[in-house]
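One structure is given here, and the rest of the page talks about it.
Reminder, nothing fancy here: chain letters follow the sequence lines and each chain counts from 1. Heavy-atom basis, side chains included; hydrogens, waters and symmetry copies ignored.
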Amino acid sequence: MRSENSFYITTPIYYVNDVPHIGHAYTTVAADALARYWRLRGRDVFFLTGLDEHGQKVQQAAAKAGIDPQAYCDRLAPQFQNLWKRLEISNDAFIRTTDTQHREVVQRYLQRLFDRKLIYKDSYSGWYCTFDERFWTEKDVSGGLCPDCKRPVDRLSEDNYFFKMGQYQDRLIEYIRTHERFIRPEPRRNEMLGFFQTQKLGDLSISRPKSRLCWGIELPFDKNYVTYVWFDALVNYLSSLEYQLPVPSVDRYWPASVHLVGKDILTTHAVYWSTILMALDLPLPDMIFAHGWWTVDGEKMSKSRGNVVDPNKIIDRFGADAFRYFLLREVPFGQDGDFSEQALARRTNSDLANGIGNLLSRTLTMIERNCDGIIPDVPPDFLERESQKYSLVRFAKEQLLLLDQNLDAFMETFQFNDLLLHIVSRASDVDVFIDKHEPWKLAKDPDKQLELHAVLNAAVQCLSILSLYIYPFMPTTAKNIREQLGLSTDFSLPLLKEKLMWEPLPKGIKIRKANALFPRIEPKPQGAKSVNDNTLPPQSTTGSPSPAAATIQTPAPATPPQITIDEFQKIQLKTAKVLSAERVPKSEKLIKLNVSLGNEERQIVAGIGKKYEPDALLGKTIVIVANLKPAKLMGIESQGMVLAAGDSDVRGLITILEEVEPGTKVK
RNA sequence: CGCGGGGUGGAGCAGCCUGGUAGCUCGUUGGGCUCAUAACCCAAAGGUCGAAGGUUCAAAUCCUUCCCCCGCAACCA
């Protein structure tokens with residue numbers, strides 16, 4: 001019997017023929033965060049992922065490559081295994097459906113269902129596409145053409161084995177209704193219940209004749225057939241438990257705590273898998289959670305658009321932890337989200353580099369400079385005694401410890417984004433208290449040594465606790481923080497099993513300041529390759545191009561997108577002569593310009609005061625945007641914008657080589 | 001009448017079920033600070049909540065109609 005303390009989480013097994021993309025990474029990273037979290041909490045975790053290796057496409061692709069399907073799978077499997085390694089995925093097992101033991105389990109279950117008369121043979125007829133070698137339903141086939149290759153389909157009939165799925169409909173509805181957390185999130189659950197109101201559940205074809213498909217698991221009761229991929233694939237959740245660990249562990253982990261899936265395969269899990277389990281007299285999983293999908297730069301990810309995101313390239317540029325953080329922080333788990341490098345860079349900079357990374361950096365520097373690199377010691381009750389003075393320190397500390405009590409609730413409801421927001425906010429609290437106490441000033445006053453030490457010590461404690469919180473999401477960073485603080489920590493221990501306390505640090509710890517946790521991501525230089533740029537030539541060199549490939553591919557949109565000449569002409573550029581220039585009072589970089597456009601004068605406020613003195617601008621001919629909507633800057637209206645080179649800081653004004661009349665159009 | 005999702009300050013979103021001072025993150029602007037990764041802290045500006053009707057003492061929130069955007073598949077999580 002499974003104990004309350006066990007936690008069994010799965011990802012779907014991914015199709016080996018797929019190229020790993022952001023979607024695979026998403027599911028797997030989410031599962032990893034949960035697995036790591038519950039291990040920290042001391043639960044007995046089993047985290048499974050793996051590969052689905054049977055089926056038509058593998059068979060065809062292998063044939064095309066002229067190799068054995070198994071060899072073909074062996075060649076592809078490392079794509080996933082290596083990616084998981086790079087993403088710090090801590091799966092306990094990795095199943096491949098071509099494992100011998102898996103095949104045996106599948107066959108055993110098939111035989112059991114057959115013996116119980118829950119599988120029967122019948123003839124199936126439908127629309128068959130000879131080219132694609134597959135059946136289509138009535139709905140798919142429009143105008144007698146295959147929806148995939150657009151060739152005519154034939155009415156074909158063949159004998160197959162069917163699983164009596166239909167008879168479980170009422171039981172399944174009842175189960176979903178009475179188990180509120182079985183299908184999550186809520187909208188998906190409602191969707192499923194709605195689905196059953198209109199659909200009559202039919203029986204499920206679970207075989208394919210070997211004449212059509214041979215790369216699969218043979219039916220134990222009829223060697224002319226292999227089993228349908230879904231039966232093969234779903235059973236992985238159970239078969240793993242029989243052979244992936246040293247001891248058979250179905251009793252230890254089944255039923256699964258969570259099957260994490262994408263919303264596209266929710267029905268398969270909620271209906272096929274559930275009814276299979278019912279037929280086998282096995283308990284159903286506690287929860288099937290369907291998460292959302294990612295679009296890329298606002299568009300659906302697709303091969304034809306050329307915008308499929310390769311996680312490896314993201315890791316190269318941003319690092320695994322920033323990527324992991326982004327995936328779980330950006331969007332509520334369960335909803336769809338949009339991925340862009342810009343958004344990832346923004347998150348990385350603001351939350352990680354400027355937030356936690358900078359906090360660690362400033363703390364370590366102050367300890368290095370003022371305490372000889374040794375974390376300063378303070379009397380244990382110092383903060384309490386001086387509670388008035390250290391209210392902010394206490395606040396930061398209490399908020400941090402309070403979070404510990406709420407972690408479970410967040411993780412049980414999969415609110416990763418909210419939780420991460422809270423964690424980052426706690427880091428911000430620490431920044432606030434540091435600022436209030438101004439340790440750089442305390443350091444100059446020998447009488448305030450104790451206060452200085454108290455503040456720095458508290459900062460270290462906060463960082464140390466923060467590192468525990470972020471560990472499930474950013475394991476490498478968590479370890480890195482601890483190492484730089486000079487603390488040796490074994491994260492494989494259940495560090496959050498006991499209630500988190502504010503315990504004094506051991507004395508005399510020497511910090512080990514190292515590189516920044518998250519270097520700021522600078523915007524890409526113009527013309528730089530985007531991660532999803534398709535570097536392949538239009539005509540692939542491998543394999544012969546299919547007729548469909550003759551269509552010209554539209555190139556992936558460059559960033560920023562191109563504009564038309566019409567759009568450009570909306571922007572009215574003109575030369576202007578500077579009549580007067582003066583600094584805006586109390587402003588660091590604003591300069592108020594009066595410029596002449598020949599027959600018209602304009603007042604323009606420009607942020608160029610860091611680069612130019614007002615006097616240097618007098619009489620110069622510059623270029624302005626003449627039809628920009630006026631705006632007020634520090635209460636002064638600006639009726640246009642001057643053009644200048646430079647990004648965040650102005651490097652130089654745009655002027656003109658030849659002398660021209662003020663107000664001349666610039667194009 | 002195909003189905004579904006959505007339209008809220010410059011951007012991205014929350015709030016809508018269970019009507020009652022419109023909130024968050026980023027950005028912008030000003031100020032502070034100088035320990036820190038041009039960082040951090042404080043403050044401010046900025047929204048007639050897609051449109052029009054209706055219900056109500058009161059509507060972003062409920063009802064009706066309309067408009068606009070985005071998905072609808074096999075690279076798919």
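- As judged by a 4.0 angstrom heavy-atom cut-off over every strand, Tyr14(A) is placed among residues touching the sugar-phosphate backbone only.
- Remark: the separation of the P atoms in C13(B) and G6(B) is 11 Å, to the nearest Å.
- Below 30°, between 30° and 60°, or above 60°: for His21(A) and His24(A) the angle between ring planes is between 30° and 60°, a tilted geometry.
- Proximity note for Trp293(A) (side chain, C-beta onward) versus A77(B), C42(B), C40(B): the nearest is A77(B).
- Checking the phosphate oxygens (OP1, OP2) of G12(B), no side-chain nitrogen or oxygen of Gln342(A) falls inside 4.0 Å.
- Across C42(B), G32(B), A77(B), the shortest atom-to-atom separation from the side chain of Val432(A) is found for C42(B).
- Electrostatic pairing of Asp351(A) and Arg346(A) does not count as a salt bridge here, judged by no charged N lying under 4.0 Å from a carboxylate O.
- For Trp294(A), whose side chain is taken as the heavy atoms from C-beta onward, the closest listed nucleotide among A77(B), C41(B), C35(B) is A77(B).
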Please list, one pair per line, the donor and acceptor atoms closer than 3.5 Å that link side chains of residues 265-272 of chain A to other protein atoms, with sequence neighbours excluded.
| unit_1 | atom_1 | unit_2 | atom_2 | d |
| --- | --- | --- | --- | --- |
| His269(A) | ND1 | Ile265(A) | O | 3.0 |
| His269(A) | NE2 | Tyr237(A) | OH | 2.7 |

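- Ser464(A) is linked by a side chain to side chain donor-acceptor pair (under 3.5 Å) to Arg482(A), counting only residues two or more places apart in sequence or in another chain.
- Checking side-chain atoms of Arg324(A) against main-chain N and O of Phe473(A) turns up a donor-acceptor pair under 3.5 Å.
- A salt bridge links Arg347(A) to Glu330(A): one of the charged nitrogens lies within less than 4.0 Å of a carboxylate oxygen.
- Between Glu341(A) and Arg317(A) there is a salt bridge, since a side-chain N of the basic residue sits under 4.0 Å from a carboxylate O of the acidic one.
- Comparing atom distances between the Thr27(A) side chain and each of C33(B), C40(B), A77(B) picks out A77(B) as nearest.
- The side-chain contact (heavy atoms from CB on, under 4.5 Å) check on Pro78(A) picks up Gln81(A), Asn82(A), with sequence neighbours excluded.
- Within the nucleic acid shown, Glu368(A) has no heavy atom closer than 4.0 Å to any nucleic acid atom.
- Residue-level contact check: Lys441(A) touches the backbone only, with heavy atoms under 4.0 Å from sugar-phosphate atoms and none from bases.
- Of the listed nucleotides (A74(B), G32(B), A77(B)), A77(B) has the atom at the smallest distance from the side chain of Ile265(A).
- If you check residues 345-361 of chain A against RNA chain B, the residues with a heavy atom closer than 4.0 Å are Arg346(A), Arg347(A), Ser350(A), Ala353(A), Asn354(A), Gly357(A), Asn358(A), Ser361(A), listed by number.
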Any protein N or O atoms within reach of nucleotides 3-8 of chain B? Criterion: under 3.5 Å, listing atom names and distances.
none

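- Contact annotation for His24(A): backbone-only contact, meaning every heavy-atom pair under 4.0 Å involves sugar-phosphate atoms and none involves a base.
- A salt bridge is absent between Asp18(A) and Lys57(A): the closest approach of a Lys/Arg side-chain nitrogen to an acidic carboxylate oxygen does not fall below 4.0 angstrom.
- The same atom, P, is picked in U18(B) and in C63(B); the two are 10 Å apart, to the nearest Å.
- Side chain of Asn457(A) to main chain of Pro376(A): a donor-acceptor pair is present (N/O by atom type, distance under 3.5 Å, no hydrogens or angles).
- Atom NZ of Lys448(A) has 12 or fewer neighbouring heavy atoms from other residues, nucleotides or ligands inside a 6.0 Å radius.
- Both Lys436(A) and Met366(A) lie close to RNA chain B; mapped to their nearest nucleotides by heavy-atom distance, the more 5′-ward contact belongs to Met366(A).
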**Study point:** Pair assignment for RNA chain B - dot-bracket with | for other-strand partners, Watson-Crick or G-U under 3.5 Å
**Key:** .(((((((.[[[[.)....(..]]]].(((((.......))))).....[[[[[..)....]]]]])))))).....
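- Heavy atoms of other residues, nucleotides or ligands lying less than 6.0 angstrom from CG of Asp445(A) number more than 12.
- In this structure, Thr295(A) reaches neither bases nor backbone, as no heavy-atom distance under 4.0 Å exists between it and the strands shown.
- Taking every side-chain heavy atom of Lys57(A) into account, A74(B) is the closest of A74(B), A77(B), C41(B).
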